[in-house]
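Comments concern the structure below.
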Amino acid sequence: LFIITIPVIIMASELETPIYEILEKSGSFEIRNYDPMIIAVTKVNNGFRESTYTGFRRIANYIFGNNDQNMEIAMTAPVLSTSPVGNKGHYEVAFVMPREHSLNTLPEPSILTIEIQEKELGKMAVLRFGGWATESKVIKYQKTLMGFLDKYNLYIKGEFMVAQYNSPWAIPPFRRNEIMVRIK
């Protein structure tokens, strides 16, 4: 008798995501207004791929109980990171914390490289794309997003970010990613 264990893979659609209102939409381009959120964020100085992996592992460790309360915190989507375009190896990687928590109810990270903070994204221009969020794809789609910004006379108010919604096991045709930036 053989016993086969099949891992449970949580799909991005089953995870809690930030609340936002779509103000305008044109294909895969959207203008959204986000509610405030709480994030766990870490800074990593390396290349895009290495930084996103290292940042992901650090914060995953925090939500899996490596904190002062040994509390497990539910996974959410997306994982946010700084865009590699024009970046000199200084990345921020963040997880959005579940809405059931506040700054007062979240445990303190056990490692000093993670901070818990409130984030006000506000009005964002967003472009959705599939597949893996590789550095070359992010560069390509950031240029496309900049084309939309120019077309609609929108002005940037911050750094570009990459949002990745899927677990590493999701195959490319089913992956959801976004390039996003705050606008005035």
Side-chain angles (χ1 to χ4, degrees), residues 5-20 34-85 87 89-121 124 126 128-138 141 158-181:
T5 305
I6 300 173
V8 175
I9 299 173
I10 298 172
M11 302 305 287
S13 62
E14 297 172 3
L15 298 177
E16 181 180 308
T17 58
I19 295 174
Y20 60 84
Y34 280 84
D35 284 359
M37 61 190 77
I38 298 172
I39 61 170
V41 64
T42 188
K43 295 178 182 177
V44 185
N45 297 323
N46 210 326
F48 178 68
R49 181 177 176 173
E50 297 82 9
S51 292
T52 54
Y53 285 154
T54 299
F56 180 91
R57 283 192 306 273
R58 280 183 195 166
I59 302 172
N61 206 2
Y62 165 72
I63 69 168
F64 295 146
N66 189 13
N67 54 62
D68 69 347
Q69 297 175 28
N70 297 318
M71 177 193 290
E72 288 191 18
I73 302 164
M75 182 63 127
T76 63
V79 174
L80 301 169
S81 63
T82 312
S83 169
V85 178
N87 192 310
H90 305 288
Y91 292 91
E92 286 191 356
V93 180
F95 284 21
V96 178
M97 295 292 98
R99 286 185 288 281
E100 70 185 71
H101 295 287
S102 69
L103 284 174
N104 297 328
T105 64
L106 283 165
E108 290 294 319
S110 296
I111 59 171
L112 298 175
T113 56
I114 296 174
E115 292 179 40
I116 309 302
Q117 55 187 237
E118 190 166 16
K119 185 81 170 174
E120 299 265 351
L121 293 179
M124 303 285 291
V126 179
R128 185 182 292 205
F129 64 97
W132 294 103
T134 62
E135 186 169 349
S136 61
K137 271 191 147 180
V138 170
Y141 286 105
E159 294 183 327
F160 284 83
M161 295 183 290
V162 179
Q164 298 182 61
Y165 284 83
N166 305 95
S167 76
W169 301 281
I171 57 176
F174 301 105
R175 297 188 69 78
R176 174 183 172 193
N177 308 294
E178 296 169 342
I179 186 81
M180 51 198 314
V181 66

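Source: prediction; values computed, not measured.
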Do the side chains of [Y] and [X] get nearer than 4.5 Å, heavy atoms only?
X      : Y      : value
Ile63  : Phe95  : yes
His101 : Ile38  : no
Tyr62  : Ile116 : yes
Ser81  : Phe48  : yes
Ile19  : Arg99  : yes
Met161 : Leu121 : yes
Leu80  : Glu92  : no
Pro36  : Glu120 : yes

Minimum-distance pair of heavy atoms, taken over all atoms of [X] and [Y]:
X      : Y      : value
Asn177 : Gly131 : ND2-O, 2.7 Å
Ile59  : Ala40  : CD1-O, 3.2 Å
Ala77  : Pro18  : O-CD, 3.3 Å
Thr105 : Glu100 : OG1-O, 4.5 Å
Trp132 : Pro172 : NE1-CG, 3.2 Å
Val138 : Ile179 : CG1-CD1, 3.8 Å

Just wondering, are more than 12 heavy atoms of other shown residues or ligands nearer than 6.0 Å to [atom1] in [X]?
X      : atom1 : answer
Glu159 : CD    : no
Arg49  : CZ    : no
Tyr20  : OH    : yes
Lys137 : NZ    : yes
Leu112 : CG    : no

Taking [X] for its side chain and [Y] for its backbone only, find out whether a donor-acceptor pair lies under 3.5 Å.
X      : Y      : answer
Asn66  : Ser110 : no
Arg175 : Gln164 : no
Thr76  : Pro98  : no
Thr54  : Glu50  : yes
Asn166 : Trp169 : no

If we ignore angles and hydrogens, is there a donor and acceptor under 3.5 Å between the side chains of Tyr141 and Glu178?
->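 The answer is no; no qualifying pair exists.
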Once you round to the nearest 0.5 Å, how far does [atom1] of [X] lie from [atom2] of [Y]?
X      : Y      : atom1 : atom2 : value
Ser51  : His90  : OG    : NE2   : 10.0 Å
Asn70  : Phe64  : CG    : CZ    : 14.5 Å
Tyr165 : Thr17  : OH    : OG1   : 6.5 Å
Met97  : Glu118 : CE    : CD    : 13.5 Å
Glu135 : Thr52  : CD    : OG1   : 9.5 Å

Go through Gln117 and Ile39 one step at a time and tell me if the side chain to side chain contact (heavy atoms under 4.5 Å, CB included) criterion holds.
-> CA-CA 6 Å; Gln117 55 187 237; Ile39 61 170; 3.8 Å; yes
